[in-house]
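See below for the structure under consideration.
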Amino acid sequence: MAKNLVIVESPAKAKTIEKILGKDFEVISCFGHIRDLEKDDMGIDINNNFKPKYIIPDDKEKVVKDLKKLAKSTDEVWLATDEDREGEAISWHLCEVLGLDPEITKRIVFHEITKPAIEKAVQQPRLLNMNLVNAQQARRILDRIVGFELSPVLWRKMSMRNHLSAGRVQSVAVRLIVEREREINGFTAVSSFKVEAFFIAKDLNGKNITFKAEGPTRFKTAEDAEKFLQQCVGAAYAVKDIQVKPGKKSPAAPFTTSTLQQEASRKLGYSVSKTMLLAQKLYESGKITYMRTDSVNLSDTALADIQKAITTNYGARYHQHRKFKNKNESAQEAHEAIRPTYMENASIDDSDSRKLYELIWKRTIASQMSDAELEKTIAKIDISTNHEELTASGEVLKFDGFLKVYMEGRDDEDESEEDEQDGSLPPLALKQVLDLKEMKATERFTRPAPRYTEASLVKKLEELGIGRPSTYAPTITTIQKRNYVEKRDKEGVKRDFRILVLKSDKLTKVTESENTGAEKSKLFPTDLGMIVTDFLSQYFGNVMDYGFTAKIEEEFDEVAHGKKIWNKMLNEFYTPFHKDVENTLENAERVKGERQLGTEESTGKPIVARMGRYGPMVQIGKAEDEEKPRFAKLKATQSIETITLEEAMELFKLPRNLGKFEDEDVTVNIGRFGPYAAHDKKFYSLKKEMDPYTVELDEIAPLIVEKRTAKDERTIKVFEKEKIQILKGPYGPYIKQGLRNYKIPKEKIDTAADITVEEAKAIIEDVKANPPKKKAPPRKKKAE
DNA sequence: CAGTGAGCGAGCTTCCGCTTGACTT
C-alpha cells in the first residue's frame, strides 16, 4: 500500500498522474461530485439559514466505499481536484465524508498534466479555501431553489403539465430561441439594388480577364438604379486611383469546449453531444487533453512540442509564439485548452473520431503559426458621363502562414451580405482606359438573423456567461427533451428578384428567382416553449433576465473573496423571489396560449388556436355550446402564433374516408405517430411521400397487402389457442403472449422453430418467476 | 401504438455542475 493517496476527479487523469508521481503515490479518482442535495424538501432548510442537507447518491456509494477503504490504509491523503469553485467543493465533501480534517489536509492544484506542473504542485500544498467552497454551496443552493420552486409553478399553471421544468440556465436558453423566432416572424425584407460593373483587362501574360467593380451606392428603387445605368450609356471608364495596402490575418486561439463544439458543427456538421462523445473517447484513449475546459492556455511543454512540429513540417518561418488571453470573464481556467497530447501524431487510426482529432490538431498547430500576409488593392474607376466612381478591390496572398493548415469557419450570422471572397485584380495603371463588358443592377434583400444551431446557441450562452463547459451539451438535450425546442430543417420559399443589365449601351430588364429562408438543422421553439417563456418572463422577470447569471456570479465571486456571507447573499435573492412564487401561485390564471383566428363562415362559431392537454390544436365552437366543439391537431411545422384561418380550416378535412377495400372502409387521419390509414380495425402508417390530405385509395391498398406479408415473414410459429406466438425480432427470435415479450434461453435460440407449446409455456413461467433485471432499480424508500 | 381536448385531483414530475459507465423486450 502506497504511503500517499492522491484524489483527482477524472480516472484518465489519475492514470497519467500516477505515472508521473511514482511508487510512493497512489492516485485515484472520485468521479466528480460525491454528494448532492437531498431531493425531499429541496434538500435545504430555508428557515435555518439555508442549511443544506447532503446525501451520497446511489450511484456514488461504491466510489465512496472504495475511497474510504483506501483513505484508511494510507498515511496521507492529498486532495487534487480541479482548481475551480466546483473542484474546491468536491475536496471539501471528500473531507466531510472521509473524515479528513480540513485544517491540515493537503490541497494541491495544477492546470496542466505535465511532470513539472505536478511536481511543483506537490511541493506547494495549501489548505482548503472555505470561501470558495461557500461560493459553490451558494451556487448549488440557488440553482436548486430556482429549479425546484419554478418547476412546480409550471405544473400548476400550464395546461400541459407533465414533466415541465424551469431553471436558471435552461429557461434563458429557451428564451433566446423564442425571441429569435419572433424576430424572424416579424421581419420584413427590404430590397435595394446593388451595381456591379464587369471590365476586361489584360493580365501579366497578356491574356484577357474579367474583373468586377462595385457601384457607388445601393439604390433604394429600381427607378433610381435605372437612372444610374442610363447615365452610363456611352460612357468611357478610366482608372483614377490605385491604392495598395498590406494586410494580415491571425489564427484563432486553440480550442475550448465551446469553440470546439462550434467548429465541429460548422466544419463536420456534428451536434454538440456527438462532438463531446467523440472528444471523450479521444481523451480516454490519451489522444487529447481534457475536453471540458474554458481555457485557451497551452502548457510550456506543449508549446515546445508544437514549435517542433511546425518547424519540422513547415519550416521555422511558419512558427510564431503566441499567448492567447481569454475573452470570457466567467472562465475559471482549471485546465488547459483542448490539444493533442502528442503533436507528432497529425492523425489517428480510429475512424469515428479521426476527423475531430485532425480538427483539433490543425487548430492547435495553427494557433502557434505566423500571420498570413496579404496585399489589398483598391482601384477607383471614373465614369465619364457622371461624377460617380466605381471601386474594384482585390486581395492577394503574399505569405500563407497559418492558412497553410487551418482557417476558422464562420456562422451565417457573422457574414455580411456581400461576402464573396475578393479575387486578384489584373495589373492596372493610372488613367488606363477600361473596356466595359456589362454593368448590372441586381435586386438584393435584407435578411433576418438566422435561427440558432446547437453550436451557435452554445456560443451565445457562453457570451452571456450562462452554463459551463460540462453543461452545454446536456442543457441543449434537456430543452429538446422537454419539448420546448426542436431541431429541424425548414424549406425555403421562392422569391423573384429583378436585374437591370447594361450591355453594349443597351438597357434590358430581367426577372430571376431564388430560394430564400431555407435552414438546415436549426433550433425552433415549440408552442409550449413560447408559452412557458412568456409565462416565466411575465412573473419572474429577474431570473429570466439575460444578465441575471452574470449578476449573481459577481456575488458568488464576492463570497469567494470573503467579502460577502453566502447565506446572507442567498437570503437577499430568496426573499423577493419566493414572494413572486407565492404571488404567481395565487393570482396567475391557468395558461392556454389561446389565439383567436376568426369565425366559421357557415355557423359563425369562433375558431381559436390554443394549447390542449395533448399539444397545440385548433378548435371550432365553445365547450359550453350545445353542439360539441370540433378539434384538430396542428401539424408539426405549424405554430399557434403563426397559423392562419385558412390553414386551420384545412386541418379539419381529416379524417377522410377514401371508400371501401375488401368491403371495409378505409379512412386516413393523423395520429400520435404520424399519418395513418385505418382499415378493418387495423392501422397502417402512411409512407413519407404520401400526403393524408390528397392520398387515394389505390395507394393505400398495396400498403395493407404489404404489411400482411411482412407479418407472415416475421412469424415463426403460432399457438392459436394459448395466444402464444414465436416471432422474429431485431435481436433474434422471441416469444410473445398477449402484449408481453419473453426472451428465449440461449440454448434454444437456434432451434426456435422447434419449440413446443409446453416448452413455450415453461419459458414464460420461468421469465415471470425470475424477471430480467431492470436498468435502473426502482427508487428505494427509506426503511428507517 | 393510432380514441382524447371540462374539472376534479391520487401521485408523479423538477435544478446545475462535477464525472463515467451500462445495455439491448
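Labels below follow one simple rule: chain letters A, B, ... track the order of the sequence lines, proteins then strands, and each chain is numbered from 1.
- Using a cut-off of 4.0 Å between Lys/Arg side-chain N and Asp/Glu carboxylate O, Asp45(A) and Lys53(A) are scored as not salt-bridged.
- Summarising the geometry, the separation between CD1 on Ile34(A) and C1' on dT20(B) is reported as 16 Å, rounded to the nearest angstrom.
- Contact check, His163(A) against dT14(B): a side-chain N or O comes under 4.0 Å of OP1 or OP2.
- Within the cation-pi definition used here (under 6.0 Å to the ring centroid, within 45° of the axis), Arg168(A) does not qualify as a partner of Phe548(A).
- Note on Arg610(A): every side-chain N or O is 4.0 Å or more away from OP1 and OP2 of dG5(B).
- Between the side chain of Thr257(A) and the backbone N or O of Met291(A) there is at least one donor-acceptor pair closer than 3.5 Å.
- Using a 4.0 Å cut-off, no side-chain N or O of Tyr472(A) falls inside it from OP1 or OP2 of dG17(B).
- Here dT14(B) presents its C1' atom at 13 Å from CG of Asp36(A), a figure rounded to the nearest Å.
- Ser165(A) has a side-chain polar atom (N or O) that falls below the 4.0 Å cut-off from OP1 or OP2 of dC15(B).
- Rounding to whole angstrom units, CG of residue Asp84(A) and C1' of dC18(B) are separated by 9 Å.
- Distance from the side chain of Val169(A) is smallest to dG17(B) among dT14(B), dA2(B), dG17(B).
- Because its NZ or CZ atom is not both nearer than 6.0 Å to the ring centre of Tyr484(A) and within 45° of the ring axis, Arg482(A) does not count as a cation-pi partner of that residue.
- Stem list for DNA chain B (at least 3 consecutive Watson-Crick or G-U pairs, distances under 3.5 Å) is empty.
- Residue Arg140(A) places no side-chain N or O under 4.0 Å from the OP1 or OP2 atom of dC18(B).
- Residue ring and nucleobase are stacked for Phe148(A) and dT14(B), with a centre distance beneath 5.5 angstrom and an angle between planes beneath 30°.
- For the C1' atoms, the distance from dA6(B) to dA2(B) is 24 Å, rounded to whole Å.
- Evaluation of the ring-ring contact (aromatic ring centres under 6.0 Å, His included) rule for Phe31(A) yields no partner, not counting sequence neighbours.
- Between the CZ atom of Arg468(A) and the P atom of dC18(B) there is a distance of 5 Å, given to the nearest Å.
- Using a 4.0 Å heavy-atom distance criterion, Gly32(A) is classed as a base contact.
- Side-chain atoms of Arg292(A) and base atoms of dC18(B) include no donor and acceptor less than 3.5 Å apart.
- With dC18(B), dC16(B), dA2(B) as the candidates, the nucleotide lying closest to the side chain of Tyr676(A) is dA2(B).
- Heavy atoms of Ala166(A) sit under 4.0 angstrom from primed sugar atoms or phosphate atoms, though from no base atom.
- Between Tyr676(A) and Tyr684(A), the gap from one ring centroid to the other reaches at least 6.0 Å.
- Heavy atoms of Pro11(A) sit under 4.0 angstrom from primed sugar atoms or phosphate atoms, though from no base atom.
- Both geometric conditions, a ring-centre gap below 5.5 Å and a plane tilt below 30°, are not fulfilled together for Phe31(A) over the base of dT20(B).
- In this structure, the nucleotide among dG5(B), dT14(B), dT20(B) sitting nearest to the side chain of Tyr283(A) is dT20(B).
- Per the geometry, CD belonging to Glu61(A) stands 19 Å off P belonging to dG21(B), to the nearest Å.
- Within 4.0 Å of Ser685(A), counting heavy atoms only, lies at least one base atom of the nucleic acid.
- Atom CD1 in Ile640(A) sits roughly 18 Å away from atom P in dG5(B) (whole-Å rounding).
- Phosphate proximity of dG17(B) to Gln136(A): absent, as no side-chain N or O sits under 4.0 Å from OP1 or OP2.
- The nucleotide whose nearest atom lies closest to any side-chain atom of Glu284(A) is, among dT14(B), dT19(B), dT20(B), dT20(B).
- Regarding contacts with the backbone of dC16(B), a side-chain N or O of Gln170(A) is found under 4.0 angstrom from either OP1 or OP2.
- Under 3.5 Å, the side chain of Arg139(A) and the base of dC16(B) form at least one donor-acceptor pair of N or O atoms.
- Using a cutoff of 4.0 Å between basic side-chain nitrogens and carboxylate oxygens, Asp294(A) and Arg468(A) are scored as salt-bridged.
- Residue Asp82(A) is in sugar-phosphate contact alone, with no base atom involved, counting any heavy-atom pair closer than 4.0 Å across all strands shown.
- Using atom C1' as the reference point in both dT13(B) and dG9(B), the two lie 15 Å apart (nearest Å).
- For the pair Ser10(A) and dT19(B), the criterion of a side-chain N or O lying under 4.0 Å from OP1 or OP2 is not met.
- Minimum atom distance to the side chain of Thr478(A) is reached by dC15(B), of the listed dC15(B), dT19(B), dG5(B).
- A distance of about 23 Å separates the P atoms of dG17(B) and dG21(B), rounded to the whole Å.
- Using a 4.0 Å cut-off between charged nitrogen and carboxylate oxygen, Glu589(A) and Lys157(A) do not count as a salt-bridge pair.
- Spacing between atom CZ of Arg156(A) and atom P of dG9(B) amounts to 11 Å, rounded to whole angstrom units.
- Under a 3.5 Å cut-off, the side chain of Lys60(A) and the backbone N or O of His33(A) do form a donor-acceptor pair.
- When heavy atoms are screened at a 4.0 angstrom cut-off, Gly87(A) is found touching no nucleic acid atom at all.
- Straight-line distance from the CD atom of Glu589(A) to the P atom of dG7(B): 11 Å, rounded to whole Å.
- Within the structure, a side-chain polar atom (N or O) of Ser470(A) is placed less than 4.0 Å from OP1 or OP2 of dC18(B).
- Gly615(A) comes within 4.0 angstrom of a nucleotide base, judged by non-hydrogen atoms across all strands.
- Gln280(A) comes within contact range of the sugar-phosphate backbone alone, with a heavy-atom separation under 4.0 Å but no base atom that close.
- At a threshold of 4.0 angstrom between heavy atoms, the contacts of Arg630(A) with the nucleic acid are absent.
- A sub-4.0 Å separation between OP1 or OP2 of dC16(B) and a side-chain N or O of Arg144(A) is absent.
- If you check dG17(B), dT14(B), dT20(B) against the side chain of Ser151(A), the one that comes closest is dT14(B).
- Distances shorter than 4.0 Å separate none of the side-chain N or O atoms of Arg35(A) from OP1 or OP2 on dC18(B).
- Note on Glu18(A) versus Lys13(A): no salt bridge recorded, every NZ/NE/NH1/NH2 to OD/OE distance being 4.0 Å or above.
- Taking the centre and axis of the six-membered ring of Phe652(A), the NZ or CZ atom of Arg630(A) falls inside the cone set by 45° and 6.0 Å.
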